[in-house]
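Report on the structure given below.
Quick note on labels: first sequence line is chain A, next is B, and so on, each numbered from 1.
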Number of protein chains: 2
Amino acid sequence: MSTIVVNPHITDAEWEVMRVVWANGRVTSKEIISILKEKMDWKPATIKTLLGRLVEKGVLNTEQEGRKFIYTTNIEEKEAVGNYTDDIFNRICRKNVGNVVGSIIEDHVLSFDDIQRLEEILEMKKAFAVEEVDCQCTEGQCECHLHHHGG
Amino acid sequence: MSTIVVNPHITDAEWEVMRVVWANGRVTSKEIISILKEKMDWKPATIKTLLGRLVEKGVLNTEQEGRKFIYTTNIEEKEAVGNYTDDIFNRICRKNVGNVVGSIIEDHVLSFDDIQRLEEILEMKKAFAVEEVDCQCTEGQCECHLHHHGG
DNA sequence: CATTTACGTTTACGCATGTAGACAATAAGG
DNA sequence: CCTTATTGTCTACATGCGTAAACGTAAATG
């Protein structure tokens with residue numbers, strides 16, 4: 001039984017549905033519709049479409065239970081979030097990752113525990129830190145190469 | 001002179017073009033086409049379309065210089081990246097921001113300087129840290145509320 | 001058993017996006 | 001001045017996405 005899980009794109013609208021599935025584990029369309037009723041100004045049909053697409057893409061599973069279907073996820077939230085964050089960091093120069101992380105931290109509220117955990121992670125990262133991060137950008141797509149052709 | 005800069009969406013393809021503009025400041029379409037020639041398997045026409053759309057959206061400026069146009073950005077990279085990162089953090093529970101940042105750090109190479117800078121930022125954040133981050137999710141979209149209705 | 005209700009599937013449609021050819025205008029060169 | 005090359009604009013088209021109505025089918029209910 002090999003569950004092949006690829007990396008399908010979860011769109012904005014679909015993500016709203018996925019959050020409900022991730023938070024609740026086993027849900028019916030009815031529950032999802034009810035939970036999203038207020039936040040999203042969607043007709044039930046809209047959610048049904050999204051569910052259909054998510055099943056089609058293999059992001060969600062269905063098990064028929066009596067007359068209704070139970071939806072479960074094939075992709076954990078952590079994984080989906082990871083894919084999403086990877087997208088960002090593929091859009092910037094690697095040399096810049098530290099700065100972007102810095103900005104993220106500055107812009108968000110953290111708990112004491114969060115901070116402590118992050119400090120621990122940083123402590124561990126020191127063992128693998130480099131003098132200068134390697135720029136992997138195509139020449140002309142980041143400033144790192146500027147000194148190569150004297151601008 | 002008030003430069004009103006909104007927050008238009010920069011698509012994946014457009015981003016490739018923007019990176020060239022951000023890295024080089026003042027560029028012609030010819031330069032962009034040349035820089036992206038190998039990385040993206042695009043016909044020159046494709047880049048022209050993207051440039052047109054970016055100008056239309058107000059992301060890029062054009063100044064006519066002789067026969068050709070010089071493209072310059074209206075939106076700094078940092079800002080665009082910020083918009084992008086905000087998207088992610090709007091997709092997850094605030095309580096989870098710390099963990100996501102932790103994963104990002106774990107997954108990327110950092111320099112000693114990066115780590116030190118991040119440590120400094122964390123140090124400063126301690127002054128504003130909270131005991132527990134406030135969950136702002138719609139009920140049913142994250143696990144924080146689970147204990148409210150005993151599931 | 002007939003009717004109503006609930007739920008998934010099919011169809012629909014406009015706008016965004018990736019990709020690019022065709023066309024127009026203008027500068028350069030002969 | 002006419003031809004050619006260059007560069008921006010217009011048009012095109014398939015697919016993805018947001019949004020939703022219509023439809024079919026099966027379960028619940030009377």
(message) Tell me whether K126(B) at atom NZ has more than 12 heavy atoms from other residues, nucleotides or ligands lying less than 6.0 Å away.
(response) yes
(request) Would you kindly give the CH2-to-P distance between W15(B) and dT17(C), to the nearest whole Å? (result) 14 Å
(message) Between the base of dT15(D) and the side chain of R53(A), is one N or O donor paired with an acceptor at under 3.5 angstrom?
(response) no
(request) May I have the distance from I32(B) (atom CD1) to dT6(D) (atom P), rounded to whole angstrom? (result) 17 Å
(request) Look at K68(A) and dC7(C) and indicate whether a side-chain polar atom (N or O) is within less than 4.0 Å of OP1 or OP2. (result) yes
(request) May I ask you to check whether over 12 heavy atoms, not counting those of E131(B), lie within 6.0 Å of atom CD? (result) no
(request) Specify the separation, in whole Å, of atom NZ of K43(B) and atom P of dG8(D). (result) 19 Å
(request) When you get a sec, tell me which of dA21(D), dT7(D), dT19(D) is the closest nucleotide to the side chain of K30(B)? (result) dT7(D)
(message) Using whole Å, what does the distance between atom P of nucleotide dG8(D) and atom CD1 of I47(B) come to?
(response) 11 Å
(message) Strictly below 4.0 Å: does S29(B) bring a side-chain N or O up to OP1 or OP2 of dG8(D)?
(response) yes
(request) Looking only at non-hydrogen atoms, find the nearest pair between K57(B) and T11(B) and report the distance. (result) NZ-CG2, 4.3 Å
(message) Measure NZ/K48(A) against C1'/dG24(D) and give the value in whole Å, please.
(response) 12 Å
(request) Could you check how far NZ of K57(A) sits from C1' of dC17(D), rounded to whole Å? (result) 9 Å
(message) If you assign A13(B) and T49(A) each to the DNA chain C nucleotide with the nearest heavy atom, which residue ends up on the more 5' nucleotide?
(response) T49(A)
(request) Please determine if a side-chain N or O atom of T11(A) lies less than 4.0 Å away from the OP1 or OP2 oxygen of dG16(D). (result) no
(request) Return no unless some side-chain N or O of T46(A) is found under 4.0 Å from OP1 or OP2 of dA20(D). (result) yes
(message) In this structure, how many angstroms lie between the C1' atom of dG18(D) and the CG atom of L36(A), rounded?
(response) 14 Å
(request) Take the angle between the ring planes of H108(B) and F89(A) and call it parallel below 30°, perpendicular above 60°, tilted in between. (result) tilted
(request) Can you tell me the distance, in whole Å, between the CZ atom of F69(A) and the P atom of dA27(D)? (result) 11 Å
(request) Can you see which heavy atom on E79(B) is nearest to which on I75(B), and at what distance? (result) OE1-CG2, 3.9 Å
